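Inspection log for the structure reproduced underneath, given as structure tokens.
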Protein chains: 2
Amino acid sequence: MELSDRQKQILRAIVDIYVSTAEPVGSKAIAALPDVSCSSATIRNEMAELTQMGLLEQPHTSAGRVPSPAGYRLYIDELMQDYRLSLDETKSLNEALELKSQEFDKMMSQVGKLVSKMTNLPAYTVATRRNEAVAKHFDLIQAGPGSIILVLMLSGDVVKNKLVKLPVRVTEADLKLLAAVLNTSLTDLTAEEITGELLDKITRSAGPASPLAPLVMDFTLECLRQQHGDVHLTGQMRLLGQPEYKDAAGKAQEVFETLDEELISNLPAVLPKDGPVQFLVGPENVAKELKDTSVVMMRFDIGEGMQGTIGVVGPTRMDYAKITAKLGYFAENLGRMFQKGGQPTPPPALPDGMKNEE
Amino acid sequence: MELSDRQKQILRAIVDIYVSTAEPVGSKAIAALPDVSCSSATIRNEMAELTQMGLLEQPHTSAGRVPSPAGYRLYIDELMQDYRLSLDETKSLNEALELKSQEFDKMMSQVGKLVSKMTNLPAYTVATRRNEAVAKHFDLIQAGPGSIILVLMLSGDVVKNKLVKLPVRVTEADLKLLAAVLNTSLTDLTAEEITGELLDKITRSAGPASPLAPLVMDFTLECLRQQHGDVHLTGQMRLLGQPEYKDAAGKAQEVFETLDEELISNLPAVLPKDGPVQFLVGPENVAKELKDTSVVMMRFDIGEGMQGTIGVVGPTRMDYAKITAKLGYFAENLGRMFQKGGQPTPPPALPDGMKNEE
DNA sequence: TATTGGCACTCAGAGAGATGGAGTGCTAAG
DNA sequence: CTTAGCACTCCATCTCTCTGAGTGCCAATA
């Protein structure tokens with residue numbers, strides 16, 4: 001069953017209005033729109049039909065209409081008009097994008113904070129591998145008597161480190177030897193290619209520092225097997241700003257908790273399946289606690305076999321168009337950002353008249 | 001003006017009851033307590049007096065009494081009885097304490113999550129330096145053409161890393177040279193001791209990789225100047241479980257936001273000034289939005305010139321005794337945890353029959 | 001046949017009393 | 001100094017009513 005143009009127009013208008021007011025939309029409000037040329041009675045007829053089709057809902061008999069999940073879905077897939085960011089908006093997005101250069105993980109969490117702030121909704125970020133991870137470089141640093149810091153660089157410019165305490169004394173030279181062995185025999189291997197025999201071999205040739213070897217390998221395997229980095233969820237409290245949670249702290253808490261759990265335990269669900277952007281509308285969500293909650297997910301590029309995902313979480317009644325536009329802007333520019341190694345666009349001033357050659 | 005023993009007993013009882021019920025406490029409820037041997041009328045007289053002293057408050061004429069901030073303060077300073085953790089509680093605390101070994105920062109944030117979970121309240125953690133920071137080790141790793149990873153180890157076993165992208169080509173050997181120069185001339189120096197001349201000297205002797213030097217030094221200075229690590233705040237939503245926020249999402253959001261801001265902008269305020277534990281009761285708080293919010297802060301030990309702080313945030317009506325007990329337990333055991341380099345108490349099973357020598 | 005104005009009907013939400021009960025302060029007796 | 005008794009206060013809850021926004025339907029219209 002196809003929708004008439006007018007029905008589409010009405011559905012779109014209802015979503016648009018409801019999204020910004022959070023109040024059921026009446027026929028009069030639609031009729032009053034400048035580009036609608038029929039009377040409220042006609043609208044009422046059309047609305048009745050749309051309701052029958054399951055695209056609209058009525059909170060109660062004498063209330064206006066509210067989009068149903070199916071209505072939102074149709075809106076997103078077919079009716080949504082590209083939201084054009086205003087000059088002010090791009091300006092503040094640009095300002096926000098001046099990430100302070102930092103460690104990879106911190107950048108990711110900062111991106112989340114940023115997105116959350118700019119959309120005024122909770123947001124999360126995850127980094128995922130696009131292909132099998134391999135170790136790129138090992139480093140062992142003496143941190144104190146019996147304590148060693150292992151620095152591990154993986155493909156995708158991810159750096160992990162771990163403090164290892166050992167009751168065995170090792171010298172700088174021992175560590176250097178072990179590091180060299182690791183760097184020659186353990187780099188550029190995927191998790192599967194790292195076998196027990198290999199470990200044996202390394203342990204044998206590692207000299208006095210060999211007790212370290214199994215610890216290092218364990219950690220390495222653990223890191224290699226991680227398909228994605230931590231999920232950084234921030235700005236949960238912004239959900240409370242939404243009218244649907246005005247006086248339902250209990251419900252909000254439930255949503256928060258489910259969100260937290262879902263994000264860590266059900267990671268694949270928070271990654272867009274296909275295409276750069278994906279929408280999860282209300283009941284399409286995994287957990288039933290999130291049935292009134294929607295998620296907009298967008299991919300962005302981080303160099304070297306890594307891929308980032310930004311997600312924005314909000315009530316099903318959320319401004320999909322605007323949020324998509326903002327996320328799109330982020331996605332476009334974050335890639336560039338990460339490529340540049342997180343250096344702010346205007347290079348930082350250097351002390352004492354040093355010049356930063358470009 | 002001194003309180004009589006009975007007055008102390010009454011005040012203590014009121015705090016204890018109010019803390020667990022969140023309802024104003026009436027004279028009858030006190031009189032009904034097993035270890036109270038006078039009638040409700042007597043209690044009423046005493047309560048009137050305590051109210052006049054400013055230790056109790058009355059929400060309205062015909063309501064029971066509620067402790068005033070001053071009342072809480074007195075309770076905390078003099079009346080609070082040590083809460084003894086039950087066997088069940090210590091058991092679950094012990095289970096929780098099995099931190100997965102990880103990077104320092106992640107451990108800190110995990111500790112926060114843990115405390116938040118065990119107290120069912122928002123919690124934060126910060127690591128602070130006890131003395132001037134110095135760099136301990138520099139490492140430069142080629143990550144790709146024109147991109148280098150700088151790994152910096154500071155005193156206190158803190159490891160920082162940064163991805164640097166440079167339009168200048170440098171070889172492995174160049175990096176090794178620069179790293180060597182940095183390691184000889186820049187380690188064990190405090191931020192003040194790193195001068196412009198030193199930078200000049202390093203740049204001159206650094207060979208082809210010298211353009212990197214100012215970037216490295218900038219980053220180093222930045223790290224050295226950080227008196228404390230990031231503040232990890234988690235479990236904000238748990239505040240919503242408290243009856244005071246049952247239907248006041250707006251207020252909760254305000255508290256959240258202020259909390260967030262306060263924690264990052266007003267760091268000294270979140271660190272205990274003296275003694276291992278400190279309480280910030282309601283109006284003693286910095287921001288007026290937090291006037292109904294209290295904080296319990298506790299120090300704990302992390303080796304090597306670093307010191308951790310755990311804070312628990314809750315409504316002024318919170319179970320100070322219980323929370324102090326739990327925090328105390330954490331503080332005691334976390335020190336041990338960190339000393340051991342974050343290795344779980346039962347050493348992890350090693351693959352292929354490898355033995356972990358103790 | 002599609003659209004429109006008109007009209008009766010519905011129902012959530014706000015406001016106004018009315019009611020009950022928990023708790024107080026005070027007084028007078030023990 | 002303590003206690004029982006009593007009048008009083010005031011919040012919380014409930015019910016009731018009223019209002020107005022919005023609908024659905026019908027008959028008139030183009």
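Nothing here was measured: the structure is a model prediction, and the numbers come from that model. Throughout, protein chains are lettered first and strands after them, A, B, ... in sequence-line order, and every chain is numbered starting at 1.
- Contact check for Met118(A) versus Tyr329(A): no side-chain heavy atoms found under the 4.5 Å cut-off.
- Between Glu23(B) atom CD and dA12(D) atom C1' the separation is 11 Å, expressed in whole Å.
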Indicate every side-chain donor-acceptor pair of residues 233-240 of chain B with a distance under 3.5 Å to a residue at least two apart or in another chain.
residue, atom, partner, partner atom, Å
Arg238(B), NE, Ser116(B), O, 3.3
Arg238(B), NE, Ser116(B), OG, 2.7

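- One interatomic measurement links the two molecules: CG of Asp5(A) to P of dA2(C), which rounds to 16 Å at whole-angstrom precision.
- A distance of 13.0 Å separates CD1 of Ile30(A) from OG of Ser39(A), quoted to the nearest 0.5 Å.
- Residues Gln253(A) and Tyr245(B) have side chains that never bring a donor and an acceptor to within less than 3.5 angstrom of each other.
- One interatomic measurement links the two molecules: CD1 of Ile30(B) to P of dG23(C), which rounds to 11 Å at whole-angstrom precision.
- The shortest side-chain heavy-atom distance between Leu3(A) and Met53(A) falls under the 4.5 Å cut-off.
- Counting only heavy atoms from C-beta on, Asn45(B) has its side chain closest to dT3(D) among dC10(D), dT4(C), dT3(D).
- Between the side chain of Glu289(B) and the backbone N or O of Glu254(B), no donor-acceptor pair lies under 3.5 Å.
- Between Ser40(B) and His60(B), the one whose closest nucleotide on DNA chain D sits nearer the 5' end is Ser40(B).
- Rounded to 10 degrees, the angle separating the terminal axes of the helix from dT1(C)-dA30(D) to dG30(C)-dC1(D) is 20°, with each axis obtained from five end pairs.
- Between Leu56(A) atom CG and dG24(D) atom C1' there is a gap of 16 Å when expressed in whole angstrom units.
- Taking atom CD of residue Glu46(B) and atom C1' of nucleotide dG23(C), one finds them 18 Å apart after rounding to whole Å.
- The nearest whole Å value for the distance from the CZ atom in Arg6(B) to the P atom in dT3(D) is 8 Å.
- In terms of phosphate contacts, Ser39(B) brings no side-chain nitrogen or oxygen within less than 4.0 Å of OP1 or OP2 of dT2(D).
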Considering only nitrogen or oxygen atoms on both sides, find all protein atoms under 3.5 Å from nucleotides 20-23 of chain D and state each distance.
residue, atom, partner, partner atom, Å
dG22(D), O4', Ser62(A), O, 3.4
dT23(D), OP1, Ser27(A), N, 3.4
dT23(D), OP2, Ser27(A), N, 3.3
dT23(D), OP2, Ser27(A), OG, 2.7

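- Both Ala41(B) and Pro59(B) lie near DNA chain D, and the one whose nearest nucleotide falls closer to the 5' end is Ala41(B).
- Considering OG1 of Thr309(A) and OH of Tyr124(A), their distance stands at 7.0 Å, rounded to 0.5 Å.
- The existence of a salt bridge linking Arg12(B) and Asp16(B) is excluded, since no basic side-chain nitrogen approaches an acidic carboxylate oxygen closer than 4.0 Å.
- In this structure, Ile43(B) places its CD1 atom 15 Å from C1' of dA4(D), rounding to the nearest Å.
- Evaluated for a side chain to side chain donor-acceptor pair (under 3.5 Å) with Thr51(A), the options Arg65(A), Glu57(A), Gln58(A) yield exactly one hit, Arg65(A).
- In this structure, CD of Glu57(B) is placed 17 Å from C1' of dT24(C), rounded to the nearest angstrom.
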